[in-house]
Student: 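If you scroll down you'll find the structure; I have some questions about it.
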Amino acid sequence: MIMIKAYISRNLSGNVCGFRIEGHGDPIVCSAVSALCINAVNSIEQFTDLDFSLDASQEGGDMLFTLPYLEDNGKDDRARLLLDSLVLGLKQIELDYNNDLKVFDQEVQDNVKN
């Protein structure tokens with residue numbers, strides 16, 4: 001079975017700083033994943049002044065998006081919110097269509113004990 005894989009990248013602060021989408025599956029799921037990802041990228045471009053990298057396949061839904069620099073000073077709150085919203089949407093689709101989408105969220109774990 002062909003499955004869509006979404007890889008979420010996070011920086012050391014735990015903030016989403018990129019994502020990679022690979023593969024194809026059910027057309028409804030592909031459309032939903034594509035719409036979420038394209039909307040997130042377009043929104044970051046429209047509502048922030050951040051530089052980012054985007055590599056998208058012309059033939060399919062494969063996409064690589066990275067924010068090379070994301071600050072924790074409040075300036076980049078819009079991008080953080082948009083990317084968190086994307087991850088929330090992808091994880092919800094995964095819950096409903098777990099045979100068609102797998103989300104790999106590379107969350108940073110704090111190993112420091114108090």
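Position 1 is the first residue of the sequence, and the numbers go up from there.
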Student: Out of curiosity, does Ile8 fall in the hydrophobic cluster containing Leu88 (side-chain heavy atoms, cut-off under 4.5 Å, transitive links)?
Tutor: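 Shared cluster, no.
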Student: Any pair with a residue in residues 11-24 that passes salt bridge (Lys or Arg N to Asp or Glu O under 4.0 Å), sequence neighbours left out, goes on the list, sorted by first then second residue, please.
Tutor: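 Listed by first then second residue: Arg20-Glu22.
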Student: With rounding to the nearest 0.5 Å, note down the distance linking CG in Leu82 to CG in Asp77.
Tutor: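 Separation between the atoms: 11.0 Å.
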Student: Holding to side chain to side chain contact (heavy atoms under 4.5 Å, CB included), I want the full list of residues that pass it with Ser85, two or more places apart in sequence or in another chain.
Tutor: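 Expected list: none.
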Student: A side-chain contact here means heavy atoms from C-beta on lying under 4.5 Å apart; do Val16 and Asp84 qualify?
Tutor: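 In contact.
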Student: Hey, could you give me the CZ/CG distance between Arg80 and Asn15, rounded to the nearest 0.5 Å?
Tutor: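 Output value for this atom pair is 5.0 Å.
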Student: With clusters defined by side-chain heavy atoms of hydrophobic residues (ILVMFWY) lying less than 4.5 Å apart, directly or transitively, does Leu50 cluster with Met63?
Tutor: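 In one cluster with Met63: Leu50, yes.
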Student: For Ile21 and Ile4, which heavy atoms make the closest approach, and how far apart are they?
Tutor: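 In this case the closest contact between Ile21 and Ile4 is CG2-CG2, 3.9 Å.
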Student: Determine the minimum heavy-atom distance between Thr66 and Pro68, stating which atoms define it.
Tutor: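 The pair with the smallest heavy-atom distance is O-CD, 3.5 Å.
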Student: Remaining members of Phe104's ILVMFWY cluster at a side-chain heavy-atom cut-off under 4.5 Å?
Tutor: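 Besides Phe104, the hydrophobic cluster comprises Tyr7, listed by chain and residue number.
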Student: For Lys5, give me all partners under salt bridge (Lys or Arg N to Asp or Glu O under 4.0 Å), at least two apart in sequence or on another chain.
Tutor: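 Partners of Lys5 under the salt bridge (Lys or Arg N to Asp or Glu O under 4.0 Å) test: none.
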Student: Side chains of Asp105 and Glu94, heavy atoms from C-beta outward: is any pair under 4.5 Å?
Tutor: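 No; the side chains remain at least 4.5 Å from each other.
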Student: Is any side-chain heavy atom of Leu83 less than 4.5 Å from a side-chain heavy atom of Leu67?
Tutor: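 When only atoms from C-beta onward are counted, Leu67 and Leu83 do touch, with a gap below 4.5 Å.
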Student: Once rounded to the nearest 0.5 Å, what's the spacing between atom CG of Leu86 and atom NZ of Lys91?
Tutor: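 Leu86 CG to Lys91 NZ: 10.5 Å, rounded to 0.5 Å.
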Student: Is there a donor-acceptor pair closer than 3.5 Å between any side-chain N or O of Asp62 and the backbone N or O of Gly23?
Tutor: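 Yes: the side chain of Asp62 pairs with the backbone of Gly23.
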Student: Phe52: what forms a ring-ring contact (aromatic ring centres under 6.0 Å, His included) with it, not counting sequence neighbours?
Tutor: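 Scan of Phe52 (ring-ring contact (aromatic ring centres under 6.0 Å, His included), adjacent residues dropped) gives Phe65.
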Student: Does CG belonging to Asp96 count more than 12 external heavy atoms closer than 6.0 Å?
Tutor: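 Enclosed: over 12 neighbouring heavy atoms sit under 6.0 Å from CG of Asp96.
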Student: Indicate every side-chain donor-acceptor pair of residues 27-47 with a distance under 3.5 Å to a residue at least two apart or in another chain.
Tutor:
from  : atom 1 : to    : atom 2 : distance (Å)
Ser31 : OG     : Pro27 : O      : 2.9
Ser34 : OG     : Cys30 : O      : 3.0
Asn42 : ND2    : Ile38 : O      : 3.4
Ser43 : OG     : Asn39 : O      : 2.8

Student: When rounded to the nearest 0.5 angstrom, what distance separates CG in Leu101 from CG in Leu90?
Tutor: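 Between Leu101 CG and Leu90 CG, I get 6.0 Å after rounding to 0.5 Å.
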Student: Which heavy atom of Met3 sits nearest to which heavy atom of Asn99, and what is that distance?
Tutor: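 Answer, listing the atom of Met3 first, then Asn99: CE-O, 3.5 Å.
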Student: May I ask you to test the Tyr97-Asp26 pair for a side-chain heavy-atom distance under 4.5 Å?
Tutor: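 A side-chain contact under 4.5 Å is absent here.
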